[in-house]
Amino acid sequence: MTRVSLSRLPGDRVLVVEGDGQRELPMTDLASYVGEREADEPRWVWDDTVRWYPSLLAAGVRVQRCHDLRLGHQLLRRAPAVDAQLLVGDQSTHWDRLGPSVPSDPALFSIDDTAEHLRTDLEDARQLAAVAASSDAPKLGLLLAAESAGALVAVEMTYAGLPWRTDVHERLLTDLLGPRPPRGARPQKLEALVAEVRGAFDAPGLNPDSRPDLLAALRRAGLEATDTRKSSLRALKHPGIAPLLRYKQLAHLFQTNGWAWTDEWVKGDRFRPAYQPAGSTTGRWSSNGGGALSFPAIVRPAAVADDGWMLVVADVAQLEPRVLAGMSGDRALARSARGADLYQGMVDDGAVASRTDAKLGLLGAMYGATSGESGRMVPGLTRRYPDAFGLVEEAARAGERGQVVRTLLGRGSPALGEAWERDPDDPPPDADSQARYRRAYGRFTRNFVVQGTGAEWALCWIADLRNRLWRLGDSGPLDARPHLVFFLHDEVVIHTPAALADLVAAEAAEAAATAAGLLFRDLTIDFPLNISTVRSYADAGKPGAAIEA
DNA sequence: TGCAAGAGCGCC
DNA sequence: AGGGCGCTCTTGCA
């Protein structure tokens, strides 16, 4: 496959290296050059997708594949199967330090002090060599390709944006909170709730946002409260609790997804969050802006397809338990995973009495629950599904011994002490806190292998889906084709011309099967999707909504 | 005055 | 004695 690396040079020029040949271009010619070369389907190699791809998209150029060296470097440096020494060389310390770049950074295409003239071809050669020399080359190769495809998806989704009806959003806010208040003030309905809470607790100056204030008021009312969490408050009996809970819910909406949020994140009928592929150590994405990955259900009614378009919403049912079945090769769990409901499958196989028990037991095993209803289910299920439960148990023990663990495709966990930088002035931790810390790390490694492999499955899914959607759109312009507009760990939203919605839904399911084949080739694991075709995101998942419109 | 940490809630 | 994130507010300290 043709591999073309792009490096930025001073004076807004680009160095293009391909095999033994190289040439220079002015930055202004880049989009047309890339557009023409796309016919050869090359893999574009660049330092950071966010630094190159947005301007190409803006020029109407879509790229089929790339290799994101920043993500690759980060991944390979920590991959247990890779000899990290092979990544050392000219400028490699710079690659070590390279953090994510911010899409809104105005310095995007100007050469500045922080963006040295990195020779991407040199780093590319090191990464290729490091993969080739590893004991896990095919899997790492797949992981790098998926990671880079994810980086393309992330930029494309920011570019496209989630279709957003500001009028619907504001009507929703006004209904729940009252009219938009002046800066710094509470909306009417929140203020009314505060008054109600103050009255109920006979605390005229109470600030419900202040924990000490609130605890004092609760105690004065004779309630035993040690924290102000929703779940704790719900257990208390007092006339002030209901308005307090209502206040907390609505205040959260006002603060995180209220008018200020719209002002900042919604432009031109689109919500455009910035995604950060592999932003979490497990390989899951994070987002830095707009709280895209904690996008609350309460505002989803405002995500509405354009006229003549629809949203196809697809999520995987029980992604992580299915991934666990696949990576552990647990045939019993794989059998229970046949069909749309894995937990029900466990009941039907006679492993547990109820669906609730199945869910509690599996989640307990994946998160490391040691007590409670969840922890109690684990021993029985371990006998039933020894390979699956054994895998997470072994990952936990490895963590407690201080060893790193890896995902199916070879992403390594951070080391035990990595996030634990002690102040040298502090006394050394005693044996108890060391043991506590090791157990916590064990819970982390236990979850890491499943969450991380789940993220890999999802990357393969969206990478394949992205290509399928592109082919489906045939030859239309970029913004007239079906495209991904949202991705949330195990769920995607596709904005599509209404006429293509059924085809889009079918492609989403096909892509899921492709991802399963890529990761677990010899073992058949079902990854059934819940798919809805809807006008508004809020209608996804509701029975009957799929046919509507 | 500004920053970091903690609490709490949202999502998976 | 349950994993991963981001965001906003308050508090405590410099």
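A note on names: the letters A, B, ... follow the listed sequences, proteins ahead of strands, and every chain is numbered from 1.
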Inset, instruction - Tell me, please, the opening and closing nucleotides of DNA chain C, 5' to 3', among those with an atom under 4.0 angstrom from a non-hydrogen atom of chain A. - result: C:dA1 to C:dT11
Inset, instruction - May I have the distance from A:Phe487 (atom CZ) to B:dC11 (atom P), rounded to whole angstrom? - result: 18 Å
Inset, instruction - Could you state the atom-to-atom distance from CZ of A:Phe486 to P of B:dG10 in whole Å? - result: 16 Å
Legend entry - Between B:dC12 (C1') and A:Asp490 (CG): distance, integer Å: 6 Å
Inset, instruction - Would you please indicate if the ring centroids of A:Tyr159 and A:Tyr53 are separated by under 6.0 Å? - result: no
Legend entry - pair A:Leu223-A:Arg219: side-chain heavy atoms closer than 4.5 Å: no
Inset, instruction - Decide if the gap between the ring center of A:Trp261 and the ring center of A:Phe271 is smaller than 6.0 angstrom. - result: yes
Inset, instruction - Using a heavy-atom cut-off of under 4.0 Å over every strand shown, decide if A:Gly290 touches base, sugar-phosphate, or nothing. - result: sugar-phosphate
Inset, instruction - For A:Leu488, answer base if it contacts any base atom (sugar-phosphate contacts may also be present), sugar-phosphate if it contacts only those atoms, and nothing otherwise; contact means non-hydrogen atoms under 4.0 Å. - result: sugar-phosphate
Inset, instruction - Identify whether any heavy atom of A:Gly279 sits under 4.0 Å from a base atom; if not, whether one sits that close to sugar-phosphate; answer base, sugar-phosphate or nothing. - result: nothing
Legend entry - Distance under 6.0 Å and angle within 45° of ring axis: A:Arg300 vs A:Tyr537: yes
Legend entry - Atom pair distance, as rounded to whole Å: OH in A:Tyr247 and P in B:dG8: 15 Å
Inset, instruction - Please step through ring-ring contact (aromatic ring centres under 6.0 Å, His included) for the pair A:Trp164 and A:Phe486, ending with a clear verdict. - result: CA-CA 12 Å; A:Trp164 194 261; A:Phe486 201 58; 9.7 Å; no
Inset, instruction - For A:Ser374, answer base if it contacts any base atom (sugar-phosphate contacts may also be present), sugar-phosphate if it contacts only those atoms, and nothing otherwise; contact means non-hydrogen atoms under 4.0 Å. - result: nothing
Inset, instruction - Look at all strands and tell whether A:Asn207 reaches a base, only sugar-phosphate, or nothing, counting heavy atoms closer than 4.0 Å. - result: sugar-phosphate
Legend entry - Any side-chain heavy-atom pair of A:His483 and A:Glu156 under 4.5 Å: no
Inset, instruction - Using whole Å, report how far CG of A:Leu253 lies from C1' of B:dC9. - result: 12 Å
Legend entry - Candidate pair A:Trp457 and A:Phe527, rule ring-ring contact (aromatic ring centres under 6.0 Å, His included), full reasoning: CA-CA 10 Å; A:Trp457 184 94; A:Phe527 284 85; 4.6 Å; yes
Inset, instruction - Grab the CH2-P distance between A:Trp461 and B:dC12 for me, whole Å please. - result: 13 Å
Inset, instruction - Using a 4.0 Å heavy-atom cut-off across all strands, classify A:Arg284 as base, sugar-phosphate, or nothing. - result: base
Inset, instruction - Name the nucleic acid region contacted by A:Ala292, choosing base, sugar-phosphate or nothing; use a 4.0 angstrom heavy-atom cut-off, strictly under. - result: nothing
Inset, instruction - Check every strand shown and say whether A:Gln451 touches a base, only sugar-phosphate, or nothing at a heavy-atom separation below 4.0 Å. - result: base
Legend entry - Closest nucleotide among B:dA7, B:dC9, B:dC11 to the A:Arg300 side chain: B:dC11
Legend entry - Nearest-Å distance for atom pair CG/C1', residues A:Leu245 and B:dG8: 13 Å
Legend entry - Rounded distance (Å) that lies between atom P of B:dC12 and atom CG of A:Asp315: 9 Å
